[in-house]
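Below, chains carry the letters A, B, ... as their sequence lines are ordered, and counting in each starts from 1.
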Number of protein chains: 2
Amino acid sequence: MDRRQRKTRNAIFTAFSALLSKKTYTSITVQDIIDEADIGRSTFYAHFETKDELLKALCTDIFEHVFSEEVMSEEHHDFSHHSSFRDKVTHILYHLKEKQQDIRGLFSGECGEVFLRYLKEYLYRVFDEHITAEDNIPHDYALDIAVSCFSETIRWWLKGQNGYTPEQMAGYYFDSIKIL
Amino acid sequence: MDRRQRKTRNAIFTAFSALLSKKTYTSITVQDIIDEADIGRSTFYAHFETKDELLKALCTDIFEHVFSEEVMSEEHHDFSHHSSFRDKVTHILYHLKEKQQDIRGLFSGECGEVFLRYLKEYLYRVFDEHITAEDNIPHDYALDIAVSCFSETIRWWLKGQNGYTPEQMAGYYFDSIKIL
DNA sequence: TTTATATAGAACATAATGTTCGTTATCGTA
DNA sequence: TACGATAACGAACATTATGTTCTATATAAA
């Protein structure tokens, strides 16, 4: 990828993230992004067909980090092997904490729908093997519940003052759901 | 309220619901609603300032029924007294089933965000007194989990072929969550 | 019947989207 | 470092949807 393209793409992402922390998704116009990123109009459309595409690209960008195996900070190194499901969950929470600035704006408002759908797509893949068949309860229902409870846990965590550690949140999560 | 107003308002609601089952919220234009409802342009704006206001009004309309005490069908008469929390939940599920045609379109797509926020507002009020303090788990977190798991239960239920009864769904719900 | 008001519908202003194209700047490479 | 490719610029334009205004007409309530 051309250095100019990388630079522009990055400028758009940064501008978009900054705007999302100031105003709501629908109220942000392409013009706003162009002004904030300080790029030409046609340049924006050369990169993204629509504002929605940009949102999706930003989500993909974030999730590629959040669900990566790599270890960023020192402190959560212990959970990176994630032998157990609980360790895996904790590992994801550490990654989310690192990206919390970018994520906060995405959770609320109208783009929450898109963001959540993407988040859940990833979570379905990760959680699937860990949800074991329960008596009477349909498997896909149990998976739905496990996934949406976890995304709700993330939302609650990031929305607050964030005085809780990833380990604590994993604890709350596992203490709330019977089916885990 | 003038009979003409009632008629128009109803035509708009019906048209909007019909459109929602065909296409997505953002792709629906005011013009689409006007055409479908067969009303004049200025008439629409006399009733609703924006498409979002219409969506909110429709949600309010539906929830006023869903969370009402009244009993519609015969079969769920037994749950209308809702002495226990479980009975109350079952009662709500019966009401949701009656409105399922209107609700399906609202759950998916971009208006899902708005619909869910409204749904959860009601659920918070209903559930609050039934979520008792647990050891270690913050009360508002427990409430969040209870509410979002229930709305996910509803989503899962209405999305499927709906071969499950309200009683069964209440059962699944209570069997999934520890904190109830 | 009368009075009030809701609706129809055309015309208009506004605002955002998305495209086009000639020019300029920057990149990767020979 | 010079050259060819291509990305960015930015003005101009077409298109589309929004929301407003106004007058004539139809319908409701009394």
Side-chain angles (χ1 to χ4, degrees), chain A residues 1-61 105-106 109-115, chain B residues 1-61 105-106 109-115:
Chain A
M1 201 181 199
D2 196 309
R3 187 194 303 159
R4 290 168 295 181
Q5 288 185 66
R6 271 200 307 276
K7 227 178 98 187
T8 301
R9 193 181 163 90
N10 211 61
I12 292 173
F13 276 159
T14 307
F16 188 51
S17 283
L19 286 167
L20 273 174
S21 64
K22 282 183 248 168
K23 48 202 292 198
T24 64
Y25 177 67
T26 31
S27 75
I28 296 171
T29 66
V30 173
Q31 194 59 53
D32 288 336
I33 301 165
I34 286 164
D35 292 342
E36 181 81 20
D38 195 28
I39 55 166
R41 183 164 192 74
S42 56
T43 305
F44 176 88
Y45 285 104
H47 280 260
F48 302 102
E49 284 197 3
T50 62
K51 201 174 65 171
D52 280 22
E53 289 300 317
L54 167 58
L55 174 59
K56 286 179 192 172
L58 181 62
C59 288
T60 303
D61 211 59
L106 288 170
E110 313 94 294
C111 56
E113 165 76 23
V114 173
F115 179 75
Chain B
M1 203 183 199
D2 196 309
R3 188 195 303 159
R4 292 168 294 181
Q5 289 185 65
R6 270 200 309 275
K7 230 175 97 187
T8 300
R9 193 181 164 89
N10 211 60
I12 293 173
F13 276 158
T14 306
F16 188 50
S17 283
L19 286 167
L20 273 175
S21 65
K22 280 184 250 168
K23 47 202 290 197
T24 64
Y25 177 68
T26 30
S27 75
I28 296 170
T29 65
V30 173
Q31 194 60 50
D32 288 336
I33 301 165
I34 287 165
D35 292 342
E36 180 81 20
D38 194 30
I39 55 166
R41 184 165 190 73
S42 56
T43 306
F44 176 87
Y45 285 104
H47 281 260
F48 301 102
E49 286 196 2
T50 63
K51 200 174 65 171
D52 280 22
E53 289 300 316
L54 167 58
L55 174 59
K56 286 180 193 172
L58 181 62
C59 288
T60 303
D61 211 59
L106 288 170
E110 313 95 295
C111 56
E113 165 77 21
V114 173
F115 179 75

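Atom-to-atom, CG of A:L54 to P of C:dT17 comes out at 12 Å; the value is rounded to the nearest Å. Remark: P of D:dT18 and CZ of B:F48 are 15 Å apart, rounded to the nearest angstrom. Here C:dA16 presents its P atom at 12 Å from CD1 of A:I34, a figure rounded to the nearest Å. The distance between atom CZ of A:R3 and atom C1' of C:dA25, rounded to the nearest whole Å, is 13 Å. We find that CD of B:Q31 is positioned 13 Å from P of C:dA8, with the value rounded to whole Å. For the pair A:I28 CD1 and C:dT17 P, the interatomic distance rounds to 11 Å; values are reported in whole Å.
Taking the side-chain hydrogen bond (donor to acceptor under 3.5 Å, both in side chains) definition, one finds that A:S27 meets it with A:T24, sequence neighbours left out. Legend: residues meeting side-chain contact (heavy atoms from CB on, under 4.5 Å) with B:S21, ordered by chain and number and at least two apart, are absent. Applying the side-chain contact (heavy atoms from CB on, under 4.5 Å) test to B:A15 and every residue at least two apart in sequence or in another chain returns B:E36, B:A37. Among residues two or more places apart in sequence or in another chain, the side-chain hydrogen bond (donor to acceptor under 3.5 Å, both in side chains) test is passed with B:K22 by none.
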Under a 4.0 Å heavy-atom criterion, the protein footprint on nucleotides 1-15 of chain D, written with B, S and -, is -----BSSBB-----
Only distances under 3.5 Å count here; give the side-chain donor-acceptor pairs of residues 48-58 of chain B to other protein atoms, sequence neighbours excluded, each with its distance to 0.1 Å.
unit_1	atom_1	unit_2	atom_2	d
B:T50	OG1	B:D52	N	3.4
B:T50	OG1	B:E53	N	3.2
B:K51	NZ	B:Y25	O	2.9
B:K51	NZ	B:I28	O	2.8
B:D52	OD1	B:Y25	OH	2.5

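Computed from C1' positions of five pairs at each end, the angle between the two local axes of the helix from C:dT1-D:dA30 to C:dA30-D:dT1 equals 40°, rounded to 10 degrees.
Sorted by first and then second residue, the side-chain hydrogen bond (donor to acceptor under 3.5 Å, both in side chains) pairs involving residues 1-14 of chain B (not counting sequence neighbours) are B:D2-B:R4. Every pair passing side-chain hydrogen bond (donor to acceptor under 3.5 Å, both in side chains) that includes a residue from residues 37-48 of chain A is listed here, sequence neighbours excluded: A:Q31-A:R41.
Separating the CG atom in B:L19 from the CD1 atom in B:I33 is a distance of 6.5 Å, to the nearest 0.5 Å.
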